[in-house]
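Here the structure is laid out as structure tokens; the discussion comes afterwards.
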Amino acid sequence: MKKLLSHLLPFTKEIPSKINGTLELTLMNGKKVLDSQNANYSYGSLQKLLTYGLSQIDIPTDSQILLLGLGGGSILQPLREEFNHKGKITAIEIDKVIIKIAKNEFDVTDNSNLEIICDNAQHYVNHCKKQFEIIIIDLFIDNKVPEPFYEDEFWKKIIELIRPKGKVVFNAGINLKENTKIKHLQASFKSQIEFIQFNNVQGTNTLLIGKKK
């Protein structure tokens, strides 16, 4: 009944998180979306944004994918259904509350092709020994990308984890007024990775898509 009524009036409940502040889970038009105070975290514009980014690269069916920032898991459905990806996805999410939401509200659970790890993305990257064909970086606290994820140290490790000719999709920011950090990133690693920048995706976001040389 609530699902039917949501076509007339959205139902929202607030969920507290020590890491992400107050999260809002809204049932609207029969679908759930997850938002922070100032940004969509899953199943709204973010899903469209990342789907657009992935449409710009080739995704081998059996490729190994690293997802830094699971959120509610909204990118998993397009990967499986639109891009026919059947390989393993390793998803890193720092917030236990969001992992619980993904499992309880969006039926995102560990299986043979999905491993969910509760960890800081920087810590995971620094200690990871595997390589991946595709790395998706979607690391926000509310509407900001934390500073460490623009820094050279983090990106040196990211490049080590990408297989030759592999790809990276980086959701680099919302309403960026200056691109100093992104320009520095592109300049610092231009000999190792070829970046293409997409501005104002979904009207707000900057995407960087890179291919390892």
Side-chain angles (χ1 to χ4, degrees), residues 42 46-71 73-76 78-80 82-85 87-94 113-117 119-141 144-174 176 179-202 204-213:
S42 289
L46 177 65
Q47 185 178 45
K48 295 176 183 177
L49 170 82
L50 292 178
T51 300
Y52 173 81
L54 291 171
S55 73
Q56 304 303 307
I57 65 174
D58 177 53
I59 303 175
T61 299
D62 60 349
S63 56
Q64 300 283 308
I65 294 179
L66 175 63
L67 174 59
L68 298 177
L70 171 67
S74 61
I75 196 56
L76 300 176
L79 275 169
R80 299 306 194 195
E82 294 184 35
F83 300 107
N84 196 34
H85 179 260
K88 182 176 179 180
I89 298 171
T90 302
I92 311 303
E93 173 58 56
I94 191 173
N113 286 328
L114 175 64
E115 181 181 11
I116 301 171
I117 299 173
D119 197 359
N120 178 295
Q122 192 170 22
H123 178 269
Y124 178 85
V125 165
N126 285 341
H127 293 85
C128 182
K129 303 300 181 184
K130 298 183 287 186
Q131 284 191 312
F132 304 86
E133 280 89 2
I134 297 169
I135 298 180
I136 303 168
I137 304 173
D138 183 41
L139 296 167
F140 279 76
I141 299 298
K144 302 289 185 184
V145 177
E147 292 295 322
F149 303 122
Y150 294 112
E151 293 176 359
D152 288 1
E153 181 181 358
F154 175 74
W155 278 89
K156 286 176 184 176
K157 292 299 297 182
I158 287 292
I159 290 171
E160 288 178 11
L161 299 185
I162 304 173
R163 291 179 180 170
K165 308 299 183 183
K167 314 292 195 318
V168 59
V169 177
F170 178 33
N171 186 6
I174 298 174
L176 295 180
N179 288 330
T180 305
K181 297 169 189 173
I182 294 176
K183 289 179 180 177
H184 171 79
L185 177 61
Q186 291 173 304
S188 296
F189 298 102
K190 64 181 179 181
S191 65
Q192 297 164 281
I193 190 163
E194 180 182 356
F195 281 112
I196 300 175
Q197 182 173 332
F198 296 83
N199 296 316
N200 299 315
V201 183
Q202 290 295 305
T204 56
N205 288 61
T206 298
L207 280 179
L208 276 187
I209 298 177
K211 179 179 179 181
K212 188 172 180 179
K213 295 182 179 179

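All values below were derived from every heavy atom in this structure, side-chain atoms included, with hydrogens, water molecules and symmetry-related copies excluded.
- In this structure, Leu208 and Gln186 have side chains that are in contact, with non-hydrogen atoms separated by less than 4.5 Å.
- Ile193 places a side-chain heavy atom less than 4.5 Å from the side chain of Ile162.
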List the steps and the verdict of side-chain contact (heavy atoms from CB on, under 4.5 Å) for Asn171 and Leu46.
CA-CA 9 Å; Asn171 186 6; Leu46 177 65; 3.7 Å; yes
I would like to know whether Thr90 and Lys130 meet side-chain contact (heavy atoms from CB on, under 4.5 Å); could you show each step before the answer?
CA-CA 11 Å; Thr90 302; Lys130 298 183 287 186; 4.0 Å; yes
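- To the nearest 0.5 Å, the span separating CG on Asp62 from NE2 on His85 amounts to 7.5 Å.
- Leu207 is listed as a side-chain neighbour of Tyr52, based on a closest heavy-atom distance under 4.5 Å.
- Atom CG of Leu185 and atom CG of Asp152 lie 7.5 Å apart (nearest 0.5 Å).
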For Leu70 and Leu76: C-alpha separation, side-chain torsions, deciding distance, then whether side-chain contact (heavy atoms from CB on, under 4.5 Å) applies.
CA-CA 9 Å; Leu70 171 67; Leu76 300 176; 4.2 Å; yes
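- Around the CD1 atom of Ile196, the shell of radius 6.0 Å holds no more than 12 heavy atoms that belong to other residues, nucleotides or ligands.
- A pairwise comparison of heavy atoms in Ala121 and Leu68 identifies CB-CD2, 4.2 Å as the closest pair.
- Not a single donor-acceptor pair under 3.5 Å links the side chain of Gln202 to the backbone N or O of Leu49.
- Rounding to the nearest 0.5 Å places CD1 of Ile134 at 7.0 Å from CG of Leu54.
- For the pair Val145 and Phe140, the tightest heavy-atom approach, listed with the atom from each and the gap, is CG2-CZ, 3.6 Å.
- Between Thr206 and Gln197 the shortest side-chain heavy-atom distance falls below 4.5 Å.
- Salt bridge Arg163/Glu133: present, at least one basic N to carboxylate O contact under 4.0 Å.
- Expressed to the nearest 0.5 Å, how far CD1 of Ile92 lies from OH of Tyr124 amounts to 4.5 Å.
- Phe195 and Phe170 have their aromatic ring centers separated by at least 6.0 angstrom.
- Considering every non-hydrogen atom in both Leu139 and Gly69, the closest pair reads CD2-N, 3.7 Å.
- Annotation for Gln131: atom CD counts as buried by contact number, over 12 foreign heavy atoms lying within 6.0 Å.
- Expressed to the nearest 0.5 Å, how far CD1 of Ile89 lies from CD of Gln64 amounts to 10.0 Å.
- In this structure, the side chain of Lys212 engages the main chain of Ile159 through a donor-acceptor pair within 3.5 Å.
- By the neighbour-count criterion of 12 heavy atoms within 6.0 Å, atom NZ of Lys190 is sparsely surrounded, having that number or fewer from other residues, nucleotides or ligands.
- What you find for Pro60 and Ser63 is that their closest heavy atoms are O-OG, 2.8 Å.
- Residues Ile182 and Ala172 come closest through the heavy atom pair CD1-CB, 3.7 Å.
- Within 6.0 Å of CD in Glu194 there are 12 or fewer heavy atoms belonging to other residues, nucleotides or ligands.
- With rounding to the nearest 0.5 Å, the separation of CD in Gln122 from CD1 in Ile94 is 10.0 Å.
- Remark: the backbone N or O of Tyr150 is not paired with any side-chain donor or acceptor of Lys181 at under 3.5 angstrom.
- In this structure, Lys48 places its NZ atom where only 12 or fewer heavy-atom neighbours from other residues, nucleotides or ligands lie under 6.0 Å away.
- Here the closest heavy-atom approach between residue Cys128 and residue Leu161 is recorded as O-CD2, 3.8 Å.
- Using a cut-off of 4.0 Å between Lys/Arg side-chain N and Asp/Glu carboxylate O, Lys157 and Glu160 are scored as salt-bridged.
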Is there a side-chain contact (heavy atoms from CB on, under 4.5 Å) between Ser55 and Phe83? Walk through the geometry before answering.
CA-CA 8 Å; Ser55 73; Phe83 300 107; 4.3 Å; yes
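- Thr51 places a side-chain N or O within donor-acceptor distance of the main-chain N or O of Gln47, the cut-off being under 3.5 Å.
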